[in-house]
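Numbered from 1 within each chain, the chains take letters A, B, ... in sequence-line order. Since the structure is predicted, the reported quantities are computational estimates derived from the model, not experimental observations.
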Amino acid sequence: MTLLLCFWEFFKTGLFAVGGGLATIPFLQEMAEKHPDWFTREELTSFIAVSESTPGPIGINIATYAGYKIYGPLGSVICTFALVLPSFLVILLIAHALNKFKSSEIVQGAFYGIRPASTALISCAILTTFFDVLVNVSAVTSVRSFFDAIDYPAVALFAVILTAAAIFKKVHPIVFIAAGALAGIIFKM
Amino acid sequence: MYLDLFLTYAKVGAMTFGGGYAMLPILKREMVDRKGWVTEDDLIDCYAIGQCTPGVIAVNAATLIGYKKKGFLGALCATVGVITPPILIIICVASVIQAYSGNIYVKHALAGMNAAICAVIALTVFGLLKKTWKDPASVVIGLAVFALTVAFDIPTVLTVVAAAVVGVVISKVKKRR
């Protein structure tokens, strides 16, 4: 039953996540809230970090990792296939009329609306992740306790890596993620 | 040929780090330079369509090239090929991380990685914002979606569908002028 539900959730994600792997994150956050026994939002952040630092398209990696967490290797396979299936079907459907599809006014109009919306959804999801990682939300009971709840070492590491990544644009993200892991061990985060 | 498609795409899937665009130079080397299966223009075209279809861009491009080469089975071989290595790799990595999830060093490392990934994604999202919020109408759509998502608990699917409808309406109105 879980597997069937997984298949459905990831199929929906594959059908509506437009704009690459990161666009799946808002859907997965929603999943974490809807099915707390599958994975937590914090775990999702780790999925993303691992997915960025292992080979393969990010969207596939995140789905595989989430699937593994839910139902082991079988969950991985089911979730990833469910994620890929909708676009596979869509492409088969449009393959004989590609140019017509690409230049269709309705398709272009729809994507004109979806692209900025997708970015907005990703931004929201990422802001939620920021709060999860940088603030110990469960400890916040008042405005004053908010400042006590901030995870200052995490914020500092975030700031350092953000600056470094903004300066050294050519350096692959995996280097920064590895640096983060190392810093985490050294400073016992 | 089917095996060739599968293996070539498995190689691409195993060698790419990061999102769909990171895959483009590797696809070009394998598909255009080495195999001569498609021209560079074809590849760029496939990428453009990969972006206009839902799902993971790199996988969509693979499906499409596979289809162009060998129809349905070609598409299947290419798609399964590109996702097989990541599935295997992630299952291995995930099982190792899970097995050592109680280990204090793994915990520290994951905490550090989480802070780092925030920084990495912040920059990626910034790039996306620059690319997708480029004219007044798209900025308005983006801001509206952002505000509504923060304020209300709207299902993500509904937001995407609504944005598509708004996009169609706006482009119709624009055309009429």
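With a threshold of 4.5 angstrom between heavy atoms, B:Ala137 approaches chain A through its backbone and through its side chain. Within the 4.5 angstrom heavy-atom criterion, atoms from both the backbone and the side chain of A:Phe176 approach chain B. At a 4.5 Å heavy-atom cutoff, the contact between B:Lys175 and chain A is made by side-chain atoms alone. Residue A:Ser118: no heavy atom, backbone or side chain, is found under 4.5 Å from chain B. For chain A, the nearby part of B:Val80 is the side chain; its heavy atoms alone come within less than 4.5 Å. With a threshold of 4.5 angstrom between heavy atoms, B:Val160 approaches chain A through its backbone and through its side chain. Proximity to chain B is limited to the side chain of A:Leu22, based on heavy atoms less than 4.5 angstrom apart. The parts of B:Leu76 that come within reach of chain A are both its backbone and its side chain, each placing non-hydrogen atoms under 4.5 angstrom from that chain. Both the backbone and the side chain of A:Ser53 come within less than 4.5 Å of a heavy atom in chain B. Within the 4.5 angstrom heavy-atom criterion, only side-chain atoms of A:Ile174, from C-beta onward, approach chain B. Only the side chain of B:Ile89 comes within contact range of chain A, with heavy atoms under 4.5 Å apart. In this structure, chain A has heavy atoms under 4.5 Å from both the backbone and the side chain of B:Val157. Looking at B:Ile170, the atoms closer than 4.5 Å to chain A (heavy atoms on both sides) all sit in the side chain, from C-beta outward. Using a 4.5 Å cut-off between heavy atoms, A:Val90 touches chain B through its side chain atoms alone. For A:Ile126, the part lying under 4.5 angstrom from a heavy atom of chain B is the side chain only. Within the 4.5 angstrom heavy-atom criterion, no atom of A:Phe187 approaches chain B. Of the atoms belonging to B:Ala14, it is backbone heavy atoms, and not side-chain ones, that fall under 4.5 Å from chain A. The contact between A:Leu83 and chain B is made entirely by side chain atoms (from C-beta outward), counting heavy-atom distances below 4.5 Å. Of the atoms belonging to B:Ile154, it is backbone heavy atoms, and not side-chain ones, that fall under 4.5 Å from chain A. Contacts between A:Leu182 and chain B at a heavy-atom distance below 4.5 Å are absent for every atom of the residue.
Within the 4.5 Å cutoff, no side-chain heavy atoms of B:Ile90 are placed close to those of A:Phe47. Looking only at side-chain heavy atoms (C-beta outward), A:Arg115 and B:Lys131 stay at 4.5 Å or farther from each other. At least one side-chain heavy atom of B:Thr53 sits under 4.5 Å from a side-chain heavy atom of A:Phe101. Looking only at side-chain heavy atoms (C-beta outward), A:Phe16 and B:Val161 come within less than 4.5 Å of each other. Residues A:Leu127 and B:Phe146 meet the side-chain proximity criterion, which asks for heavy atoms closer than 4.5 Å. Residues A:Pro57 and B:Pro86 have side chains in contact (heavy-atom distance under 4.5 Å, counting atoms from C-beta outward).
Considering CD of A:Gln108 and OG of B:Ser171, their distance stands at 8.5 Å, rounded to 0.5 Å. Distance check, rounded to the nearest 0.5 Å: CD1 of B:Ile121 to CD of A:Glu52 gives 5.5 Å. Put simply, OG on A:Ser76 and CD1 on B:Ile83 are 11.0 Å apart, with the number rounded to the nearest 0.5 Å. In this structure, the separation between CG on B:Leu64 and OG on A:Ser87 is 11.0 Å, given to the nearest 0.5 Å. Taking CD1 of B:Ile65 as the reference point, atom CD1 of A:Ile91 lies at 10.0 Å (rounded to 0.5 Å). Note that CG of A:Leu92 and OH of B:Tyr67 are 6.5 Å apart. Values are rounded to the nearest 0.5 Å.
Chosen from A:Pro86, A:Pro73, A:Pro153, the residue pairing most often with chain B at heavy-atom distances under 4.5 Å is A:Pro73. Interface summary for chain A: among B:Val93, B:Val120, B:Ile87, B:Val150, the most heavy-atom pairs under 4.5 angstrom belong to B:Ile87. Ranked by heavy-atom pairs under 4.5 Å with chain B, the list A:Ile177, A:Thr119, A:Ile60, A:Thr80 is led by A:Thr119. Ranked by heavy-atom pairs shorter than 4.5 Å toward chain B, the options A:Pro116, A:Ala120, A:Ala17 are led by A:Pro116. When the candidates A:Gly113, A:Ala179, A:Ala154, A:Ala181 are compared by the number of heavy-atom contacts under 4.5 Å with chain B, A:Ala181 comes out ahead. Ranked by heavy-atom pairs under 4.5 Å with chain B, the list A:Ala159, A:Ala117, A:Gly72 is led by A:Ala117. Between chain B and the residues A:Gly59, A:Ala23, A:Ala95, A:Gly21, the largest count of heavy-atom pairs under 4.5 Å involves A:Ala95. When the candidates B:Asp153, B:Val166, B:Thr79, B:Leu88 are compared by the number of heavy-atom contacts under 4.5 Å with chain A, B:Thr79 comes out ahead.
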>> Working note: A:Phe88 + B:Asn60, criterion side chain to side chain contact (heavy atoms under 4.5 Å, CB included); need CA distance, chi angles, decisive distance, verdict.
In response: CA-CA 7 Å; A:Phe88 185 79; B:Asn60 295 353; over 6 Å; no
>> A:Lys69 vs B:Gln98, test: side chain to side chain contact (heavy atoms under 4.5 Å, CB included). Steps then yes/no.
In response: CA-CA 9 Å; A:Lys69 186 77 215 314; B:Gln98 197 135 311; 3.8 Å; yes
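In B:Phe152, the CZ atom is not crowded: 12 or fewer heavy atoms of neighbouring residues, nucleotides or ligands sit closer than 6.0 Å. No more than 12 heavy-atom neighbours from other residues, nucleotides or ligands sit within 6.0 angstrom of CD on A:Glu42. Crowding of A:Tyr71 atom OH: a count of heavy atoms from other residues, nucleotides or ligands under 6.0 Å not exceeding 12. Surrounding CD1 of A:Ile106 are at most 12 heavy atoms belonging to other residues, nucleotides or ligands under 6.0 Å away.
With sequence neighbours left out, B:Ser95 forms a side-chain contact (heavy atoms from CB on, under 4.5 Å) with A:Tyr68. Applying the side-chain hydrogen bond (donor to acceptor under 3.5 Å, both in side chains) test to A:Tyr112 and every residue at least two apart in sequence or in another chain returns B:Asp135, B:Lys174. For A:Glu30, the side-chain hydrogen bond (donor to acceptor under 3.5 Å, both in side chains) criterion is met by B:Thr156, not counting sequence neighbours.
Both A:Ile150 and A:Leu162 are assigned to one and the same hydrophobic cluster, defined by single-linkage of ILVMFWY side chains at heavy-atom distances under 4.5 Å. Cluster annotation: A:Phe7 is connected to A:Leu89 through the hydrophobic network of ILVMFWY side chains, with a link wherever side-chain heavy atoms come within less than 4.5 Å. In the hydrophobic cluster analysis, where Ile, Leu, Val, Met, Phe, Trp and Tyr join through side-chain heavy atoms closer than 4.5 angstrom, A:Phe10 is grouped apart from A:Leu4. Connection of A:Val155 to A:Leu157 is established within a shared hydrophobic cluster, with ILVMFWY side chains joined at heavy-atom distances below 4.5 Å, either directly or through further cluster members. Note: the hydrophobic cluster containing A:Ile167 also contains A:Val171 (ILVMFWY, side chain heavy atoms under 4.5 Å, direct or indirect links).
Listed in order of number, the residues of residues 105-118 of chain B that approach chain A to under 4.5 Å between heavy atoms are B:Tyr105, B:His108, B:Ala109, B:Leu110, B:Ala111, B:Gly112, B:Met113, B:Asn114, B:Ala115, B:Ala116, B:Ile117, B:Cys118.
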